[in-house]
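In what follows, every heavy atom counts, from backbone to side chain, and hydrogens, waters and symmetry copies are set aside. Numbers restart at 1 for each chain; the letters A, B, ... are given by sequence-line order, proteins then strands.
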Amino acid sequence: MPKLTTRYTNQSLAETFRLIADLLEIKGEVIYKTLAYRKAADSLTNLGRDINEVAKEGTLTELPGVGKAIAEKISELLTTGKLDFLNKLAEEVPLSLADLLQIQGLGPKKVGLFWRELSITNLDELKTSAETGKLRHLPGMGAKSEEKILAGIAALARRSGRTPLGIAWPFAQDLLAWLRTLPGVTAAEAAGSLRRMRDTVGDLDILAAAEDSEPVMQAFVERPDVIEIIGHGPTKSSVEFANRLHAQLWVHPPARFGTALQYATGSKDHNVRLRELALNLGYSLSEHALKRTNDESELTCATEEEVYAALGLPWVAPELREDRGEVQAAKAGTLPTLITVNDRLAELHCHSNWSDGKATIREMAAGAAQRGLKLIVISDHSQSLGIANGLSVERLQQQRAEIDAVQAELGNSIRILQGSEVEIKADGTLDYPDDVLAELDLVVASLHTSLGQPRQQVTQRLISAIQNPHVDIIGHPTGRMIPDREGADLDMDAVLAAAVKSGVALEINAHPSRLDLNDIYARRAAELGIPLSINTDAHAPQHFDLISFGIATARRAWVTPEQVINCWDVDKIMGWLENRRRDV
DNA sequence: GCCGTTTTCGGCCCGACTGTTTTCAGTCG
């Protein structure tokens, strides 16, 4: 439950509207009203600008899903920090009821029933009532329902929110590889937020193609690492694994794999758009087929391309399927040509054993060359980051000799530059003096410490670095760590405006625990013409392969290869750096 | 509560699974 603060961010505002939606639903308000609040919340989540700025402009109602009523509520929250409507609602419906919706299998109708009939308002009271058999006498309830609720409460205590993509992805790949070995399985793919490559995922959604689903489902729920079967049917099953991850598997015949994969990939909002479009074209779209509404005849699709083609659209990349304008763009033929992993030609931010890396400069350069990269920047930590063995000015100058030696040895297989990941210190100054920075081929400036500074202070600190003419790239701009640490409380509109002015590039750090910038801000930056740089921050050669997570984030941000420095050829990169040096 | 080259009022996606029932409501994605 969000606590009331006087300064609202896009996220806290979105949470407030989601809370309102939950409470209205428990209260029994017409479903479309609750959906409207959730839609508005999604719109705020997807917004790359500060809502305070939009409110100042008076253009709130131009946001999708925000009309007069919700715009007024946003304004009230932003100006007074309170919302009369929510306060009155909270007097009617206890706020703590919203927590009960977190329990798997428990929705607003049941929560409302428990509250009205038994005055249950929180988890403890619900648990006691279930344990003492008080729930089973209510309509639609029985002993099994009580068991399910208790299991749901226990599962809630075990789980801790969403899983970082970097953890979910490899596990899902193992699961898919195993599924593909099962007899009768002709294909298996990740779906859901996993396939859309969101930075965190809820449940793992997995789809398999097989004529006979039963044996596949049976094998799935009987896997030795399954600790609980949440559901088990012929087309859909869901389980909890020993590692606490939840997964659900759909099995459909190969001839229907296209509609099934499209359906299971989502997002929900993207699917709603497509189904609306289908209805306009005389089809009802489901995971099984496109059904003509006039004669019920079916058009089955083995591939997703066929599904989109039937709707008059080009195939839409999964990373775009968030209902952020992609269906409209597909219709208009203006989908971007998204960046791919193969477009990456350079790594501009990585570490060697001169600071906290695990490999030598030679090993890093050779590893990069082996992966087809044409240019690598060794950017070890600067002096004040003692914990990472940051380089003194003297060691930095010694490192140049080794880089030159490795360059001579490897010849023109790869270009090696000397850079640095320079600390932006708590006072906003950089960790090396300007004359030292001027000697470097490329400078990445990053925040690592004092991330908890007040908004204005930490924003000004980052802007100081952006304005330093020696800085080329801002590394992982917010400093967030998934899932544990929120980034700095930056005024991102001001940061982006400063970046536009200085011509500095912003990084999408590809490490799955960072993915910083995130998709929303990366999209906004690209729209503003700010050059992006996608880097793995590798501390060993195998980390170069983490690039796929950074590329996926860029794809979610609608980014094309031209907008990313790492995709330029060596001459263009060197030219860009030269221009920046000349402007100093 | 939002929204409109089929509508400014009347719509607002589709199906599987479960537990309670005896034909269906609730939940989920």
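Nucleotides B:dG29 and B:dT22 are separated by 28 Å at their C1' atoms, to the nearest Å. Nucleotides B:dC13 and B:dC3, compared at atom P, are 15 Å apart to the nearest Å. B:dT18 sits 42 Å from B:dT8 when the C1' atoms are compared, rounded to a whole Å. The same atom, C1', is picked in B:dG26 and in B:dT21; the two are 13 Å apart, to the nearest Å. The gap from the C1' atom of B:dC12 to that of B:dT7 amounts to 12 Å, rounded to the nearest Å. Comparing the P positions of B:dG1 and B:dT5 gives a spacing of 23 Å, expressed to the nearest Å. If you take atom P in B:dT20 and the same atom in B:dT27, they sit 13 Å apart, rounded to whole Å.
For B:dG15, the paired base is B:dC28 (Watson-Crick or G-U wobble, both distances below 3.5 Å).
In the model, A:Glu125 has a side-chain atom that pairs as donor or acceptor with a side-chain atom of A:Thr121 under 3.5 Å. Using modelled atom types, one finds a donor on one side chain and an acceptor on the other under 3.5 Å when comparing A:Gln248 with A:Asp205. If you check the side chains of A:Thr300 and A:Glu298, you find no donor sitting under 3.5 Å from an acceptor.
For the pair A:Asp199 and A:Arg480, the salt-bridge criterion is met [side-chain N within less than 4.0 Å of a carboxylate O]. With respect to the salt-bridge test (charged N to carboxylate O, under 4.0 angstrom), the residues A:Arg195 and A:Glu189 do not qualify. Taking a cutoff of 4.0 Å between a charged side-chain nitrogen and a carboxylate oxygen, A:Arg49 and A:Glu53 do not qualify as a salt bridge. A salt bridge does not link A:Glu92 with A:Lys88: every distance from a Lys NZ or Arg NE/NH1/NH2 to an Asp or Glu carboxylate oxygen is 4.0 Å or more.
Nearest-nucleotide positions on DNA chain B place A:Met141 closer to the 5' end than the other of A:Gly107 and A:Met141. Residues A:Gly67 and A:Glu146 both approach DNA chain B. Their nearest nucleotides, taken by heavy-atom distance, put A:Gly67 toward the 5′ side.
The aromatic ring centres of A:His252 and A:His288 sit less than 6.0 Å apart.
Of all nucleotides in DNA chain B having an atom under 4.0 Å from a heavy atom of chain A, the first and last in 5' to 3' order are B:dG1 to B:dG29.
Across all strands shown, A:Leu274 has no heavy atoms under 4.0 Å from either base or sugar-phosphate atoms. Counting non-hydrogen atoms under 4.0 angstrom, A:Lys268 reaches a base of the nucleic acid. At the heavy-atom level, A:Asn271 lies nowhere under 4.0 Å from the strands shown. Counting any heavy atom pair closer than 4.0 Å across all strands shown, A:Ala143 reaches sugar-phosphate atoms only and no base atom. At a threshold of 4.0 angstrom between heavy atoms, the contacts of A:Ile103 are confined to the sugar-phosphate backbone, with no base atom among them. The residue A:Pro139 sits apart from the nucleic acid: no heavy atom pair falls under 4.0 Å.
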Residue pair A:Asn10, A:Thr45: steps toward the side-chain contact (heavy atoms from CB on, under 4.5 Å) verdict: CA-CA 6 Å; A:Asn10 298 17; A:Thr45 301; over 6 Å; no
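If you check residues 31-44 of chain A against DNA chain B, the residues with a heavy atom closer than 4.0 Å are A:Tyr32, A:Lys33, A:Ala36, A:Tyr37, listed by number.
Partners of A:Glu91 by salt bridge (Lys or Arg N to Asp or Glu O under 4.0 Å), not counting sequence neighbours: none found.
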